[in-house]
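Report on the structure given below.
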There are 2 protein chains.
Amino acid sequence: MDEPREIPDLEPGASIEAVRALRESLDREERASLEASVETLFDLLGRAHALSVLAVFAFADRPLRFGDIEATLGVAPNTLSTRLSELTDCGLLERRAYDESPPRVEYTPTPKAVALFPVIGHCYRWAADYAP
Amino acid sequence: MDEPREIPDLEPGASIEAVRALRESLDREERASLEASVETLFDLLGRAHALSVLAVFAFADRPLRFGDIEATLGVAPNTLSTRLSELTDCGLLERRAYDESPPRVEYTPTPKAVALFPVIGHCYRWAADYAP
DNA sequence: CCGCATCCTACCGGATACTG
DNA sequence: CAGTATCCGGTAGGATGCGG
């Protein structure tokens, strides 16, 4: 009774029809659980610069340091610190600190984050098509 | 010299590699324009309940009224009012007011919004796979 | 030096009451 | 019914400080 309807793999660009069918195939409890998970995700992404931070990682080909992201996005350090902590706590980023001088901290996207990158990609395509 | 590299059509689930290649094919000016458009989109989506509102429309099969969304999401009316105005101003929703009593206002997603629905769909799939 | 914590200010979002 | 007015708590932004 665990997850008989578990989605086998993550297909990028899931059409709404497919997801709508998925939602309707779930019973009340499973569906509430799914909605809650999505709500958590939306709450996370629905904060200042969260999507932008993800985008920076999506286009980077190496681990990123605090200063890298700060310079790229130009956000206040405390805000960036909060976002990075949240993303790390949710298992989207992995934080590795090296005990050096000067100190070095590197952030790496986890597979969980990589699985979200198509969202970023789609937003870029959308912007290229529908921008003013 | 207008848009020789215009993306022909919106493919759902654009891989980051493809978008990365696109970004690198653009010259400085075009790329800055794209980044600005994406930034605008991220700023819009990065507000409270914006993604949730989009999701409600993505799964609805008819125009929605203010009270529908309010009841579904349980958000404060002033916040919802602001979000709906922003989405309407950005051309994602079309607002139609009927001069009746009691008054009736319907919101319909535009093609521009429909083109964003795969983002919602992907988030649902992601949540089903990676949720706690 | 770099990554963050603190302090303070401004604005945004939540709850409730109220109007056309 | 579809919002607006009002009040208030929380969160983001900017500058600065400090610990490693």
Side-chain angles (χ1 to χ4, degrees), chain A residues 35-36 38-57 60 62-90 92-109, chain B residues 36 38-57 60 62-90 92-110:
Chain A
E35 298 286 358
V38 172
E39 200 53 43
T40 302
L41 175 64
F42 283 176
D43 183 61
L44 184 71
L45 299 182
R47 299 180 178 215
H49 308 293
L51 285 165
S52 298
V53 169
L54 261 188
V56 173
F57 279 101
R62 55 177 173 87
L64 293 178
R65 305 176 58 171
F66 189 94
D68 293 334
I69 313 167
E70 188 180 18
T72 304
L73 298 179
V75 300
N78 49 7
T79 305
L80 179 58
S81 180
T82 305
R83 275 313 83 78
L84 289 176
S85 298
E86 291 166 357
L87 292 171
T88 303
D89 290 346
C90 283
L92 290 178
L93 295 180
E94 190 187 329
R95 187 196 129 110
R96 222 170 312 175
Y98 299 88
D99 214 11
E100 302 174 358
S101 180
R104 184 162 58 105
V105 179
E106 287 186 347
Y107 293 90
T108 314
Chain B
V38 172
E39 200 52 43
T40 301
L41 175 64
F42 283 176
D43 183 60
L44 184 72
L45 300 182
R47 301 184 177 215
H49 308 293
L51 285 166
S52 298
V53 169
L54 261 188
V56 174
F57 279 101
R62 55 176 173 87
L64 294 178
R65 304 176 59 168
F66 189 95
D68 294 332
I69 314 169
E70 190 180 17
T72 305
L73 298 181
V75 300
N78 51 2
T79 304
L80 179 58
S81 178
T82 306
R83 277 311 86 77
L84 288 177
S85 298
E86 291 166 355
L87 292 171
T88 303
D89 290 345
C90 283
L92 290 178
L93 295 180
E94 190 186 329
R95 188 195 128 109
R96 223 170 310 176
Y98 299 87
D99 214 12
E100 302 173 357
S101 180
R104 183 163 59 104
V105 179
E106 288 184 346
Y107 293 90
T108 314
T110 66

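Letters go in sequence order (proteins before strands), and every chain restarts at 1.
Residue A:E106 contributes atom CD, which lies 13 Å from atom C1' of C:dC2 at whole-angstrom precision. Between the C1' atom of C:dG14 and the CG atom of A:D43 lies a distance of 14 Å, rounded to the nearest Å. We find that CG of A:D99 is positioned 13 Å from C1' of C:dC2, with the value rounded to whole Å. Atom CG of B:L80 is separated from atom P of C:dG13 by 12 Å (rounded to the nearest Å).
Among the protein residues, B:Y98 comes within range of no part of the nucleic acid, since none of its heavy atoms lies under 4.0 Å from any strand.
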Hey, mind stepping through A:L44 and A:L92 against side-chain contact (heavy atoms from CB on, under 4.5 Å) and telling me if it holds?
CA-CA 11 Å; A:L44 184 71; A:L92 290 178; 3.7 Å; yes
Show your reasoning for whether side-chain contact (heavy atoms from CB on, under 4.5 Å) applies to B:V75 and B:I69.
CA-CA 8 Å; B:V75 300; B:I69 314 169; 5.9 Å; no
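Note that the CG atom of B:D43 and the NE2 atom of A:H49 stand 8.0 Å from one another [nearest 0.5 Å]. Rounded to the nearest 0.5 Å, atoms CG (B:L93) and OG1 (B:T108) are 8.0 Å apart.
Listed here is the closest heavy atom pair of A:Y107 and A:F57: O-CE2, 3.2 Å. Shortest non-hydrogen contact noted between A:R83 and A:A48 is NH1-O, 3.1 Å. Here the closest non-hydrogen pair linking B:D68 and B:R62 is OD2-NH1, 3.4 Å.
Residues B:V53 and B:L84 meet the side-chain proximity criterion, which asks for heavy atoms closer than 4.5 Å. In this structure, B:T72 and B:L64 have side chains that are not in contact, with every pair of non-hydrogen atoms separated by 4.5 Å or more.
Scanning residues 63-78 of chain A for heavy-atom distances under 4.0 Å to DNA chain D yields A:A76, A:N78.
Side-chain N or O atoms of B:R65 include none that pairs as donor or acceptor with a backbone N or O of B:R104 at under 3.5 Å. For the pair B:T88 (side chain) and B:E94 (backbone), a donor-acceptor distance under 3.5 Å is absent.
Both key distances under 3.5 Å define a Watson-Crick or G-U pair, and stretches of 3 or more such consecutive pairs in DNA chain C run C:1-20 with D:1-20.
In this structure, A:S81 reaches the C:dA5 phosphate: one of its side-chain N or O atoms is under 4.0 Å from OP1 or OP2.
Both A:S85 and B:R47 lie close to DNA chain C; mapped to their nearest nucleotides by heavy-atom distance, the more 5′-ward contact belongs to A:S85. DNA chain D is contacted by both A:S101 and A:T82; A:T82 maps to the nucleotide lying nearer its 5′ end (nearest heavy atom per residue).
The nucleotide range of DNA chain D contacted by chain B, defined by atoms under 4.0 angstrom from heavy atoms of the protein and reported 5' to 3', is D:dC1 to D:dT6.
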